[in-house]
*Asks:* 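The structure that follows is given in the form of C-alpha cells.
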Amino acid sequence: MRKSKIFITVITFIIGITFIKEFALAQKSLQFSSFTPEVTVPPGGNNAECRIALAEETINRYKAKNLTDYLDTTSISLLSCDIYRYIRGCTSSTDEDCTSPCIYIKNGPTAEQIQSYPGVRENVDYFHTAGTTIYPPSYLYTKAVGRFDLRNGFGLTEAGKQEAMATLLAMTCAERAQELTHHVSTPLYFYPLQKRELSVTLPDATSYTLNVSPDGIFTHQGKTYSSLSYELRGISLSFQPEGQKRLLDGANVELELRNIAEELSFTQKEREDFVAYWAKELPRSPYFEVTLLSQDDAQSVAPWSVLPVPTSSIRYIFAFRPLVDKKVIANDTFTPLPREGFTAVDIGGIIIW
Amino acid sequence: MGGLHGFVSVHKKLLIILGIVLFILFGSIVALLIKKTASNEPLLPNSTQTFPSPTPIPLSDQKVSLVHSTIYYVKIQAGSSEDPPKYSLFTADSTGTTSTNVGEIAGPAKQILPILDGKYLFIGDLGFLERGNTIYLYDAKTDETKPFLSASSGFQIESYLLSPDKSAIIIWEQSVGATTDGISQIVHATLEQIEKKRVLLSENVGDQTKYPLFWSRATGKIYLDSYSVSKNGKSRGIFELSTNGNIRPVRGLAVDEYSASPILSPRGDTIAYTAFNAQTGVKIPSPNVPNGLLRESIRNPNQLKVYNLITEEMETLLDNTQGTLFDSLIFDKDGRNLIYRTLKITSASQTVPQEYRKINLATRNNELFAKNVNGIFLTQFANNDMLFGTRSQIIDSIGNLSSGSFGQILSGVYLYSPFSQTYSKILTDDPIQIFSIENQ
C-alpha cells in the first residue's frame, strides 16, 4: 500500500516536472520565435514636398563632381522619355515603348529621336527654363520637379505649368533646400596700438562697442575678456572649401592642432583657445582634411567689420572634414599673415559634416 | 489479473486523481503544440487571420536579444546610357568599423531590402516615373539575380513593404502611365506563395490616393498615407488596411490632421507625428498659389503628437504657438522617448534649425539631446549609441521604403553617444545610401 502510494507520487512528480519543463521551454521558444529583427528605414523623402527640397541640393554636388555634363545628357534622355510617354498616354502593358525601361533604352528610340517627336522638345525646354529661372541649371533637378509635377497632377498643360511655376516660386528656402547650418563659436581678437574704443559689427548684424587694450583685453558689462566670440552660421551645405590643405591624424589631433597654431604664429592665448576648443568640438575620426580658407573665402564666410578699420584684418578660418580613410592630400604648410599696426584676428572654423 | 484488479480496487481514488492529472497534462501539451504550430504557419492567401500575432515582448527580452546589429548600405557607381549604374551592397555591424562588400546589383533599381540568408529584393525595370515592372531577388551568395514578382498586367510597381517577420509582402501598383487618371492598387502575397497575389485595395487615383507607409507588428495592420492627384492637394489622410482587405480611416488622422507623415514606434503600437495649431501667433503664411501643397498646416508643424494604434488614444506632447516648429522625429530603441529637431521661424518667414531634443512619452520630461542639427538620426542601438547621418546634395531612389521614389544619399555617417555627446565617424567617406538597419 505504502509502496504503491510512493510509486504513484513519484510518477506524478516526474510527469509534473516534465510538464513544467516542457511548458517553460515552449513559452521561451514561443517568445523568441515571435521576436523578429527590427527593420528601420532612414526617415526622409516621405513627403512630396521633401523631395523638392532635396532636389535642389543635388545640383551643386553633381556640379562639384564634374558630373553635370554627363547628368544633363542622361537626364535629358530620361525626362524626354517620360514626357514622350506622358504625351502619348501609355495605357497598355503590351506597348513596348511604355513598358521598356525609360532610363536606359536598349531597343527603343534614342534620346535624340524621342526629342524630335512633336511636343517633347518644348516640354523639355519648359522644364529647363524652370530650372534655370528659379534654380541653378540642371536637368537632374528639373527631372525631380517634373516628376513631382506629374505625380501631383500638374500635368503638362499650360495651366499646370503656370501652377508649377507659381508653387516653386512661393517656396521658402527651407522648402527648397535642406536648411542645415555649420556653425561653431569663433573667437575674434583685437590688438589696437593703444587702448581705444572699437565698434564691432558681427555677421548677424549685431554691434558692440568695446574699449580694448593693446594686449587684446577688454571689459564688457563688468566682465573682462580676451576675445569676442560669435557663431559662424548659415554656411551652405554645398560649401566646398578651397585653400591650403593638409591631412591631420585623428589619433593625435591635439598635437596636430598645436603644430598648426605654431605655424601660424598664434599668440599663447590664441593657441590655448584654438587647441582647447577644437580638441573638444571636433568629432572623433581617424583622419581630418583641414583646409585654411583663402582670405577672400574667409571674408565671405565671416563678414564682420570693425571701426576704425584695422590696419590688418586677418581671418584664419579652417574647414575640418572628418575622414574614415587616409587620403592623399597635399601636405601644405600654413603661412602666417603679417600683423601690422592695429590688427584684428579671427580664428574660427567649420566642420564639414 | 486478480492482483491488478485488487490493486485497482484498493487504490481506486488515487488512480482516478492520477487519471485526471494525466488527462489535464496531456490536453495542455496537445493544446500548446497546436498553438505553437499555428503560430509558425505562413498566412494563407485567403485567410482572414491578421498578421503578426501581437504577442507583447517584454522589454528585458528585447534588450537581451539586441546584441547584434547590421547596417546595410549601397554605394552607387554612376553609369551611362550604355552602361547602367551599379549598386555595390555593403554590410557593417553597429560599430561601423568594418564593412563587407557582399555583392552588386545592376541598376537602374530602387528599394533594395534584405530578406533572409543573404538575399535581397529590389524593384527593377524602372520606367515611367521610375515605376518598375518587376521585383527581383538577388542572392549575394551566388551573385545571381532572378525575377521574383511581376507587376500585375497593365500595372507598374511604385513600392513595396515587407511584413515585420518578412513572410509577406504588400505591393503598391499604379496602372501604366497613371498620373492624374488611372488606377492605384495594393496587392498582398506571401513570400512562400508569391504567385498567389490578392488585391486588397483598388481605386481610381483621386484626392486620397493611398499608398503603404508601414506595417505594424503590434496590430498586424498596414498603414497607408495618401496624396492628391488633383490640384488642391488638400486631402491627405492615414488609413488602416487589414490583410483581408478591410480598410478604415485612422481616427483623428483622416483628413489633414498632420503636417508630415507619421513614424512608427519599434513595438509598432504607437505612431508619432507633427501637426498644426492654427492659433499660433507666429507662422509661415500659405503662399498665393492655386494648390494646397504649401498650406499652413504643412509649413508650420508646431505640435508634436502620439497616437496609440491599439487604444486609439491621441496625446499632444508639445504645442508651441511662439514660432518653434518640430521635424525629424525618431523613437529611441524601446519607444519610450521621442527625439525631434526644433526650428525657429525668423522674421523673414524662414526657419533656422536649433537643436535635437528628447521627450519621454510617459513623464513628458523634455531635455536637450544633441546640438548638432547638420544631420538626421537613423536608429538607436542596444548600447544607446545612435546612428547619425549627414545628408548630401544627392538624391536617389534606393532606400526609401515609404513611397519608393526619391531618398537621401548620406555624405557621412557617425555614431553619436548621448552620454558623452561625441560623434565618431564610421563606415566610409563615400556617399552612401543606408537601406536597412537590423537590430537582432
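Just so we're on the same page: letters track the sequence lines, and every chain starts at 1.
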*Asks:* Any non-hydrogen side-chain atom of Pro283(A) less than 4.5 Å from a side-chain atom of Tyr416(B)?
*Replies:*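 Result no, sub-4.5 Å side-chain heavy-atom pair not found.
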
*Asks:* Only counting residues at least two apart or in another chain, list the ones meeting side-chain hydrogen bond (donor to acceptor under 3.5 Å, both in side chains) with Lys326(A).
*Replies:*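 Expected list: none.
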
*Asks:* Nearest 0.5 Å, what's the OG1-CD1 distance between Thr390(B) and Ile351(A)?
*Replies:*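 Reported to 0.5 Å precision, the distance equals 11.5 Å.
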
*Asks:* Got a second to check how far Ser420(B)'s OG is from Arg284(A)'s CZ, nearest 0.5 Å?
*Replies:*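 These two atoms lie 5.0 Å from each other.
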
*Asks:* Is a donor on one side and an acceptor on the other found under 3.5 Å between the side chain of Lys425(B) and the backbone of Ser285(A)?
*Replies:*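 Not a single qualifying donor-acceptor pair exists.
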
*Asks:* Name all residues meeting the side-chain hydrogen bond (donor to acceptor under 3.5 Å, both in side chains) criterion together with Tyr423(B); count only those two or more places apart in sequence or in a different chain, and write none if there are none.
*Replies:*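 By the side-chain hydrogen bond (donor to acceptor under 3.5 Å, both in side chains) rule, Tyr423(B) matches no residue at all.
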
*Asks:* Any idea which heavy atoms bring Ile426(B) and Val324(A) closest together, and the distance?
*Replies:*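 Nearest heavy atoms, Ile426(B) then Val324(A): O-CG2, 3.6 Å.
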
*Asks:* Considering only heavy atoms, which portion of Leu264(B) lies under 4.5 Å from any heavy atom of chain A: side chain, backbone, both, or neither?
*Replies:*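 Neither part; nothing is under 4.5 Å.
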
*Asks:* Taking atom OG1 of Thr428(B) and atom CG of Leu323(A), what is their separation to the nearest 0.5 Å?
*Replies:*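 Reported value, rounded in 0.5 Å steps: 10.0 Å.
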
*Asks:* Indicate yes or no: does Lys327(A) engage Asp429(B) in a salt bridge with an N to O separation below 4.0 Å.
*Replies:*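 Counted as a salt bridge, because a side-chain N and a carboxylate O are separated by less than 4.0 Å.
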
